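These figures come from a predicted structure and were not determined experimentally.
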There are 2 protein chains.
Amino acid sequence: MAKPSQPATLEDVAALAEVSAKTVSRVVNAEPTVSVKTRERVLRAIELLDYKPNLNARMLAGERSYLIGLFYDKPGDYLTNFHAGAADRCRESGYHLMLESWDRDSPQFTRQVSTLLRQMRLDGVILLPPLSDDVLIGNILRDASVPTVRIAPRDHIEDSPSIVIDDYLAARQLTAHLLSLGHRRIGFILGKPGHGATEERYRGFADEMRAQNTPIEASLVETGNFVFTDGVACAQRLLSVQSPPTAIFASNDDMAAAVISVAHKRGLELPTQLSVVGFDDAPVATMIWPLLTTVRQPVTTMARLAAELIIENSPRRLGWPSPLPHRTLDFELLVRDSTAAPT
Amino acid sequence: MAKPSQPATLEDVAALAEVSAKTVSRVVNAEPTVSVKTRERVLRAIELLDYKPNLNARMLAGERSYLIGLFYDKPGDYLTNFHAGAADRCRESGYHLMLESWDRDSPQFTRQVSTLLRQMRLDGVILLPPLSDDVLIGNILRDASVPTVRIAPRDHIEDSPSIVIDDYLAARQLTAHLLSLGHRRIGFILGKPGHGATEERYRGFADEMRAQNTPIEASLVETGNFVFTDGVACAQRLLSVQSPPTAIFASNDDMAAAVISVAHKRGLELPTQLSVVGFDDAPVATMIWPLLTTVRQPVTTMARLAAELIIENSPRRLGWPSPLPHRTLDFELLVRDSTAAPT
DNA sequence: TGCCAAAATGACAGCGCAGTCAATTGGAAT
DNA sequence: ATTCCAATTGACTGCGCTGTCATTTTGGCA
């Protein structure tokens, strides 16, 4: 592995292998029309010169960019995991990730996105919630015909693949767990209205309650917008009603942590006097006591899959395969220390 | 703002403005040698065609890439904030961030990094801890002469700028806070050995204790490696000694959360029976009860600054200005609910 | 052996821009 | 008006690669 001060180019390899630059290009791009003998000679030259194709040139000349956009707006802690998973998959195929942070509420949002898209070709874009449900950005991407994969969108959008877990089913199972422990008065803290997960998780809760003939009291349903501070307020209200719930289902772990912190402050004994479940297995879920019973999404796997969908469809620019890939991945129910039978 | 299906190029603008492509290039790059009249005409044409320079072409043709690498390996929660800050600053100057996740312990680490560097020109790289102290990656970047900014490195490395907060001073102040409350037996949980912050924070603690004639007991110093689970073990040991400490200084918030969770589990009354301080103002700091007394690093500001250093030095490829910029930013002492006078 | 289609290879242009250097212009000084 | 220099502008090239299409080679078959 020689290490020339000036990186080797296609021409250099071509000269060494005594073929044309175009043939080297063919080998690099794994085009089938190269004889075995030639291919091997070229590969040896590539090895020898430690040749790496220049991405910028490829982007400029070719129709691929080897770049995938990962767009987010105020994500939770999972961003790090998600990025790691997607980056990993990208590296395997010589792709790269361009992580872009947007502010959906900024007046410049639209302009910024379309500027980016026209500045560089992206082979695809992965949309993280809540961007997965954003019509504006969806349209921009469609108009620019950038293949888009949505993570956990509210609805299946019929022009782009999506990757989800079954929030509804997970919520049902979590509720069933609480019910099986003997809880009957269960409080529920909703996420942010309009967010896909908010509806599904509540629907799962409500259906399971109904299935087991347990009434849902209106006074025990609060809206916490997925954030800790709102969760605190919800918990306080929930625990102040005449006959407080024996268990609380928070739509995510941050809000569950809020419930637990309020309970601690009030001197409640956990989990005996109050059971709490969250959702997401966020870092905080295992950084408090009692450890949260929650649902884990396979974030890293989702990320890999999202990147993979784009990478695999990138060469042929024919659009997505049909039927459109909508993958539902398995979640994991994590029963930990925050749930117990009511006293 | 017309919206042609085919993005406008330099040529298009040149034609409309009735100048040469090169002149448009000059305007776009804010070169001084363009007459006011011409510049205005060109600017109008740019506006009209909504022209955006193609990044790939710029990278290929010019000596700049408008790309900054943000390299990390297992960062904490602050990554999201850091990325957002850096991305923000980048966008202001038409730059982009390439977030790269490495595994320092992987045998392919070196090869992967140098492959990336030869695949695309980066105008600079920002190294997040613990990569800031990594000699291997430092050398690769130096050999490739990629301007590098280190975040919170252990030592000032004299060939690249760094951005730090004064961990030592912050730790002293945090310790002084505990001391002023009346604590004398104070436990300490160290971070990961070798990590820059680990040493500085302990040094600050030790110096302040010494300055106030308070002995440090060897049995009250544990090593928690900055992670929650190790923090749990440390806390258990610390609270099991014959006469346990009345306060515990954890080198970061995750470990402080661990102390609090153990205390809850043991039924200790917080903060009266045990005061706890953390470091970083991580998300968990405000997602538990009692809210953590801690130190906030201006992560977003650090990120902006790091990006800015690279952006500003990018045009002239003369290397860093001298003296080398080593910025120490102000931290913020956040006294919240986890500290009180001992009973 | 010769013929032909298929397979393999190469020549060349051009992606969109910035660097180089030569050509032109403008204006101040004479 | 003339001269001269600095300010301004443009022509041209090449960055490293891929797409297109022409050319050469190969192998199967008559």
side-chain N/O A:Ser35 vs C:dT9 OP1/OP2, d < 4.0 Å: yes
B:Ser132 (side chain) donor-acceptor with B:Leu127 (main chain) under 3.5 angstrom: yes
Length of the CG-P vector between A:Leu60 and C:dA18, whole Å: 12 Å
Nucleotide D:dG10, atom P - distance to CG of B:Leu10 in whole Å: 13 Å
Touch class at under 4.0 angstrom, heavy-atom based, for B:Val28 against every strand present: nothing
Sugar-phosphate, base or nothing in reach of A:Thr33, heavy atoms under 4.0 Å: base
A:Thr110 side chain vs A:Gln108 backbone, donor-acceptor pair below 3.5 Å: no
Distance in angstrom units between B:Arg41 CZ and D:dT9 C1', rounded: 11 Å
Side-chain N or O of B:Ser25 closer than 4.0 Å to phosphate OP1/OP2 of C:dC17: no
Phosphate OP1/OP2 of D:dT9 contacted by B:Thr38 side-chain N/O (<4.0 Å): yes
Between D:dG16 (C1') and A:Tyr51 (OH): distance, integer Å: 7 Å
CG on B:Leu43 to OH on B:Tyr51, rounded to 0.5 Å: 12.5 Å
Residue whose closest nucleotide on DNA chain D lies nearer the 5' end, A:Lys37 versus A:Glu11: A:Glu11
Approximate separation, where rounding is to 0.5 Å, of B:Ile140 CD1 and B:Phe109 CZ: 6.0 Å
Sugar-phosphate, base or nothing in reach of A:Thr23, heavy atoms under 4.0 Å: sugar-phosphate
Interatomic distance, B:Lys22 NZ vs D:dT8 P [rounded to whole Å]: 15 Å
Residue closer to the 5' end of DNA chain C, B:Arg26 versus B:Asn54 (nearest nucleotide): B:Asn54
B:Glu18 atom CD: more than 12 heavy-atom contacts under 6.0 Å: no
Separation of atom CG in B:Asp12 from atom C1' in C:dG16, rounded to whole Å: 10 Å
Nucleotide C:dA7, atom P - distance to CZ of A:Arg39 in whole Å: 15 Å
Short side-chain N/O contact to D:dC17 OP1/OP2 from A:Arg58, under 4.0 Å: no
Phosphate OP1/OP2 of D:dG16: any A:Asn56 side-chain N/O under 4.0 Å: no
A:Glu31 CD - C:dG10 P separation (whole Å): 13 Å
